[in-house]
Student: 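Quick one: structure below, then a few questions.
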Amino acid sequence: MNRTKSYEISKKVVYEAFLRVKANKGSAGIDKESIEEFEANLKDNLYKLWNRMSSGSYFPPAVKAVEIPKKGGGTRTLGIPTVEDRIAQRS
């Protein structure tokens, strides 16, 4: 039986998404994992992400909620996704 992945996502696309996320520099999400920490085990982290995305089993984690001030007073909530989820969104 020849079984293929549910979604055609190349590993190259996932790697290029990582490079774009890294270039944007952003802060850590709810898991507190920085881009540098994600990059320390890059090959395994990208493989696991690609595997879950291409098999259809990837589900994004919760986002970190941060209150930011508005010019006219008050605040608004900003959601900060994890590094892994930012990569998945860009793939």
Side-chain angles (χ1 to χ4, degrees):
M1 175 185 260
N2 186 9
R3 200 163 151 92
T4 61
K5 296 284 188 179
S6 299
Y7 301 95
E8 289 293 324
I9 301 169
S10 75
K11 293 175 186 172
K12 181 180 178 184
V13 167
V14 176
Y15 177 70
E16 289 170 350
F18 164 74
L19 294 177
R20 289 192 304 272
V21 167
K22 182 179 177 183
N24 283 342
K25 299 179 179 170
S27 62
I30 200 161
D31 63 357
K32 298 182 178 137
E33 182 178 45
S34 68
I35 293 170
E36 293 78 18
E37 290 169 327
F38 186 89
E39 190 174 23
N41 193 14
L42 185 62
K43 185 177 179 181
D44 289 338
N45 286 334
L46 290 181
Y47 178 79
K48 289 175 193 174
L49 176 59
W50 167 81
N51 194 34
R52 285 181 296 167
M53 288 174 61
S54 60
S55 67
S57 65
Y58 176 77
F59 293 97
V63 296
K64 180 179 178 181
V66 177
E67 296 291 323
I68 59 171
K70 292 168 65 174
K71 287 184 181 179
T75 61
R76 77 174 182 92
T77 304
L78 175 69
I80 302 175
T82 62
V83 171
E84 182 179 70
D85 192 41
R86 281 185 264 165
I87 295 167
Q89 290 178 36
R90 291 201 169 238
S91 295

Student: Do Glu8 and Ser54 come close enough that some side-chain heavy atom pair is under 4.5 Å?
Tutor: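 Side chain of Glu8 against side chain of Ser54, heavy atoms only: no contact under 4.5 Å found.
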
Student: Distance from Thr82 atom OG1 to Ile87 atom CD1, nearest 0.5 Å?
Tutor: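 Those atoms lie 8.5 Å apart.
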
Student: Are the side chains of Phe38 and Val21 in contact, using a 4.5 Å heavy-atom criterion?
Tutor: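 Side chain of Val21 against side chain of Phe38, heavy atoms only: no contact under 4.5 Å found.
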
Student: Please check: side-chain N/O of Asn45 versus main-chain N/O of Asn41, any donor-acceptor pairing under 3.5 Å?
Tutor: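 A pair under 3.5 Å: yes.
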
Student: In the structure I gave you, are the side-chain heavy atoms of Arg52 and Glu84 within less than 4.5 Å of one another anywhere?
Tutor: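 The answer is yes, as the side chains (C-beta and beyond) meet within the 4.5 Å cut-off.
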
Student: Please find the pair of heavy atoms, one from Ser91 and one from Met53, that lie closest to each other, and give the distance.
Tutor: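 So the minimum-distance heavy-atom pair works out to CB-CE, 3.5 Å.
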
Student: Is the shortest heavy-atom distance from the side chain of Ile68 to the side chain of Thr75 under 4.5 Å?
Tutor: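 The answer is no, as the side chains (C-beta and beyond) never meet within the 4.5 Å cut-off.
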
Student: For the pair Arg76 (side chain) and Lys70 (backbone), establish whether a donor and an acceptor sit closer than 3.5 Å, ignoring hydrogens and angles.
Tutor: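 No, because the side chain of Arg76 does not come within donor-acceptor range (under 3.5 Å) of the backbone of Lys70.
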
Student: Taking all atoms of both residues into account, what is the closest heavy-atom pair of Ser34 and Val83, and its distance?
Tutor: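 Closest pair (atom of Ser34, atom of Val83, distance): C-CG2, 3.9 Å.
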
Student: Between the side chains of Lys22 and Glu39, is the shortest nitrogen-to-carboxylate-oxygen separation below 4.0 Å, so that they form an ion pair?
Tutor: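 Answer for the salt bridge query: yes.
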
Student: Answer yes if Ile30 and Val66 sit in the same cluster of Ile, Leu, Val, Met, Phe, Trp and Tyr residues linked by side chain heavy atoms under 4.5 Å apart, and no otherwise.
Tutor: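 Different clusters.
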
Student: For residues Leu19 and Tyr47: do they belong to one hydrophobic cluster (side chain heavy atoms under 4.5 Å, members Ile, Leu, Val, Met, Phe, Trp, Tyr)?
Tutor: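 Yes; Tyr47 is reachable from Leu19 via cluster members.
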
Student: Measuring from Gln89:CD to Arg20:CZ, what's the distance to the nearest 0.5 Å?
Tutor: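 The CZ atom of Arg20 is 12.0 Å from CD of Gln89, to the nearest 0.5 Å.
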
Student: When Phe18 is tested against each of Leu49, Val13, Leu42 for side-chain contact (heavy atoms from CB on, under 4.5 Å), which residue passes?
Tutor: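 The option that passes is Leu42.
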
Student: Measuring from atom OG of Ser10 to atom CH2 of Trp50, what distance do you get when rounded to the nearest 0.5 angstrom?
Tutor: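 Output value for this atom pair is 9.5 Å.
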
Student: Return the minimal non-hydrogen interatomic distance between Asp85 and Pro60, and the atom names on each side.
Tutor: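 The answer is OD1-CB, 3.3 Å.
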
Student: Got Ile9 and Val14 here, is their nearest side-chain heavy-atom distance under 4.5 Å?
Tutor: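 Contact flag for Ile9/Val14 side chains = yes.
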
Student: Do Val63 and Ile80 pass the side chain to side chain contact (heavy atoms under 4.5 Å, CB included) test, and can you show the C-alpha distance, the side-chain angles, and the key distance before you say yes or no?
Tutor: CA-CA 5 Å; Val63 296; Ile80 302 175; 5.9 Å; no

Student: For the atom pair NZ (Lys32) and OG (Ser27), what is the distance rounded to the nearest 0.5 Å?
Tutor: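 Separation between the atoms: 12.5 Å.
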
Student: Tell me if the OH atom of Tyr58 is crowded by more than 12 foreign heavy atoms within 6.0 Å.
Tutor: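 Yes - once you tally the heavy atoms of other residues, nucleotides and ligands closer than 6.0 Å, there are more than 12.
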
Student: Can a donor-acceptor pair be found, under 3.5 Å and without considering hydrogens, that links the side chain of Asp31 to the backbone of Glu33?
Tutor: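 At least one qualifying donor-acceptor pair exists.
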
